[in-house]
Number of protein chains: 2
Amino acid sequence: MISHKIVPNISVDCVVFGFDFEKLNVLLVKREMIDEKSGKALISDHTLAGYHIFDDEDLDSAAARILKGLTGLDNIFLEQFGAFGQLDRVSSPKDKMWLEYINQGFADRIVTVGYLALIDNTKVTLTLKDRDVSWFPVSMIAEMEMAFDHKFLFYRALEALQRKVKVEPIAFELLPDYFTLSQLQKLYEALLGTSFDKRNFRKKVAQMHYVIPLKKKQQGVPHKPAQFYLFSREVYEKTRKGRISFII
Amino acid sequence: MISHKIVPNISVDCVVFGFDFEKLNVLLVKREMIDEKSGKALISDHTLAGYHIFDDEDLDSAAARILKGLTGLDNIFLEQFGAFGQLDRVSSPKDKMWLEYINQGFADRIVTVGYLALIDNTKVTLTLKDRDVSWFPVSMIAEMEMAFDHKFLFYRALEALQRKVKVEPIAFELLPDYFTLSQLQKLYEALLGTSFDKRNFRKKVAQMHYVIPLKKKQQGVPHKPAQFYLFSREVYEKTRKGRISFII
DNA sequence: ATTTCTTGGTGTATATTATACACAAAGATA
DNA sequence: TATCTTTGTGTATAATATACACCAAGAAAT
């Protein structure tokens with residue numbers, strides 16, 4: 001049954017995180033409502049990557065489809081972080097303007113399913129330019145104008161990410177295949193908003209036998225080159241103890 | 001806007017857990033399709049507590065409403081554990097029979113939002129009898145006939161429960177207000193399928209200052225009476241360290 | 001009154017893990 | 001050759017986890 005009809009009432013929104021070796025970023029889509037006479041933007045804001053689902057696809061597939069459309073990438077790490085009724089969140093005058101503007105029979109969304117996506121920055125930089133899509137530091141979201149309940153969704157995603165990162169080795173999804181221990185440490189510091197002692201952090205990583213040192217070293221850096229490491233999910237699955245605490 | 005129309009496409013299912021001081025149980029609703037001529041049951045199975053949502057209510061409210069209808073209780077611990085597309089799960093011949101039988105325009109559910117409920121057994125025993133609702137040991141679910149994707153949902157709920165119980169003090173929701181340390185230990189053992197050393201378990205609980213000993217003791221037990229304890233969420237919120245590991 | 005039964009309640013020694021802390025080495029650049 | 005920046009390493013102390021066995025309290029039976 002290949003019907004491909006849009007399902008009313010339900011939408012999927014993806015909160016896409018990236019890491020630039022300094023800080024955590026989110027992918028947002030900018031949109032503007034242009035006044036036809038003056039040609040100027042009447043209102044503008046940012047949205048998450050979201051769309052309705054089709055009636056012949058799974059929720060996970062819908063999220064993957066949306067992300068593929070936005071970044072050109074397949075096989076992105078995706079995890080649901082919640083479903084939200086949203087009746088009482090479409091409340092600002094601005095939101096109502098948007099609804100009138102975009103309403104094509106689909107505006108009566110009742111439930112939004114939120115997905116958390118982690119992507120390796122080094123793999124997308126090229127594909128982005130031609131769209132009104134760009135990275136924003138997570139620290140900047142508080143002051144941004146965002147559509148509907150998207151700021152709320154963003155913070156729920158961030159909370160979910162911070163929770164999960166302590167318990168599962170998903171942070172590696174934000175790094176390239178080869179990474180240094182300093183990069184890994186900076187990533188965890190950016191994710192959790194803390195800082196770690198270098199020696200103790202490395203001691204902890206040394207116990208994770210699924211973080212494997214390579215023979216390769218950094219090249220062309222103006223200082224002592226660091227060793228590269230690799231995350232092996234295979235080794236992780238085999239050697240995971242019943243432990244809970246991951247980092248920290 | 002009080003419209004109270006049923007929202008198509010979306011349903012809420014609650015997986016209700018209870019603890020009888022021995023093992024973990026789930027609340028299931030039995031249903032039968034009766035043949036009008038012979039008066040015999042053609043097919044029968046068990047379902048979770050579920051229903052559609054109304055367009056003027058939140059997801060959480062819908063789940064609470066469904067549970068109130070089933071148990072008569074308000075203020076039940078409820079937490080979402082996921083949203084699921086279910087297109088490809090309504091596949092058995094039996095499921096199709098059911099769909100024809102109950103179809104009243106609502107059968108085309110696309111998304112089910114799953115809720116995990118924890119209830120204090122001692123507070124519901126009375127209200128149940130008059131319905132086809134009863135407790136089943138979690139260990140028995142594997143062999144049971146369940147509707148649609150409900151068995152799948154049950155296991156997802158169980159996984160979520162086992163995950164959360166290690167990280168947050170939600171297990172207390174399954175116990176009466178006053179409980180003994182042995183009851184608490186048995187609960188964790190039932191939840192996680194492990195067993196703990198009594199002395200070490202109690203040492204761990206002693207560090208949780210939000211598990212507070214009372215002056216009351218058990219009465220009428222044919223052995224040394226145990227001291228009662230109380231869980232204080234207030235103290236928990238104030239004294240929680242950044243720690244992750246809860247029990248284990 | 002004494003015995004028996006069942007569950008409650010406790011401490012110590014050892015191993016493991018977490019924390020705090022400072023300096024030399026590698027390579028690029030000037 | 002000196003300077004700069006980041007890498008990479010060890011040890012001592014505190015805190016936490018684990019393994020393990022016996023007496024105490026009360027009810028029930030004799």
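Labels below follow one simple rule: chain letters A, B, ... track the order of the sequence lines, proteins then strands, and each chain is numbered from 1. Here the structure is a predicted model, which means the values were calculated and not measured.
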N or O in side chain of A/Ser182 less than 4.0 angstrom from D/dT7 OP1/OP2: yes

By ring pair (Phe, Tyr, Trp, His ring centres under 6.0 Å) - contacts of A/Tyr155 (at least two apart): none

Whether over 12 other heavy atoms sit under 6.0 Å from B/Gln162 CD: yes

Side chain to side chain donor-acceptor pair (under 3.5 Å) pairs, two or more places apart, involving residues 14-23 of chain A: A/Asp20-A/Lys23, A/Asp20-A/Asn25

Separation of A/Leu116 CG from A/Asp13 CG (nearest 0.5 Å): 13.0 Å

For B/Phe201, ring pair (Phe, Tyr, Trp, His ring centres under 6.0 Å) partners two or more places apart: B/Phe196

Between P of D/dA24 and CD of B/Gln218, the distance in whole Å: 20 Å

N/O donor-acceptor pairs under 3.5 Å from side chains in residues 73-80 of chain B, not counting sequence neighbours:
from    : atom 1 : to       : atom 2 : distance (Å)
B/Asp74 : OD2    : B/Lys68  : NZ     : 2.9
B/Glu79 : OE2    : B/Lys164 : NZ     : 2.6
B/Gln80 : OE1    : A/Ala83  : N      : 2.6
B/Gln80 : NE2    : A/Ala83  : O      : 2.8
B/Gln80 : NE2    : B/Tyr115 : OH     : 3.4

Distance, rounded to the nearest Å, where A/Tyr229 contributes OH and D/dT7 contributes P: 12 Å

Output side-chain donor-acceptor pairs under 3.5 Å for residues 168-182 of chain B, partner residues at least two apart or in another chain, one line each.
from     : atom 1 : to       : atom 2 : distance (Å)
B/Thr180 : OG1    : B/Gln183 : N      : 3.1

Span of DNA chain C, from the first to the last nucleotide whose atoms fall under 4.0 Å of chain B heavy atoms: C/dT6 to C/dT12

Distances for protein N/O vs nucleotides 26-30 of chain D N/O pairs under 3.5 angstrom?
from   : atom 1 : to       : atom 2 : distance (Å)
D/dG26 : N2     : B/Pro222 : O      : 3.3

Distance in Å, B/Trp135 CH2 paired with B/Met140 CE, rounded so as to fall on 0.5 Å steps: 14.0 Å

side-chain hydrogen bond (donor to acceptor under 3.5 Å, both in side chains) partners for B/Lys203, two or more places apart: B/Asn200

Nearest-0.5 Å distance, OG1 of residue B/Thr47 to NZ of residue B/Lys151: 14.0 Å

Which residues share a side-chain hydrogen bond (donor to acceptor under 3.5 Å, both in side chains) with B/Arg31, sequence neighbours left out: B/Asp45

Pairs satisfying side chain to side chain donor-acceptor pair (under 3.5 Å), at least one member in residues 206-226 of chain B, at least two apart: none

DNA chain D contacts among residues 185-200 of chain B, heavy-atom distance under 4.0 Å: B/Asp197, B/Arg199, B/Asn200

Between the protein and nucleotides 14-17 of chain D, which nitrogen or oxygen pairs are less than 3.5 angstrom apart?
from   : atom 1 : to       : atom 2 : distance (Å)
D/dA17 : OP1    : B/Lys204 : NZ     : 3.3

Side-chain touch B/Val138/B/Phe154, heavy atoms, less than 4.5 angstrom: yes

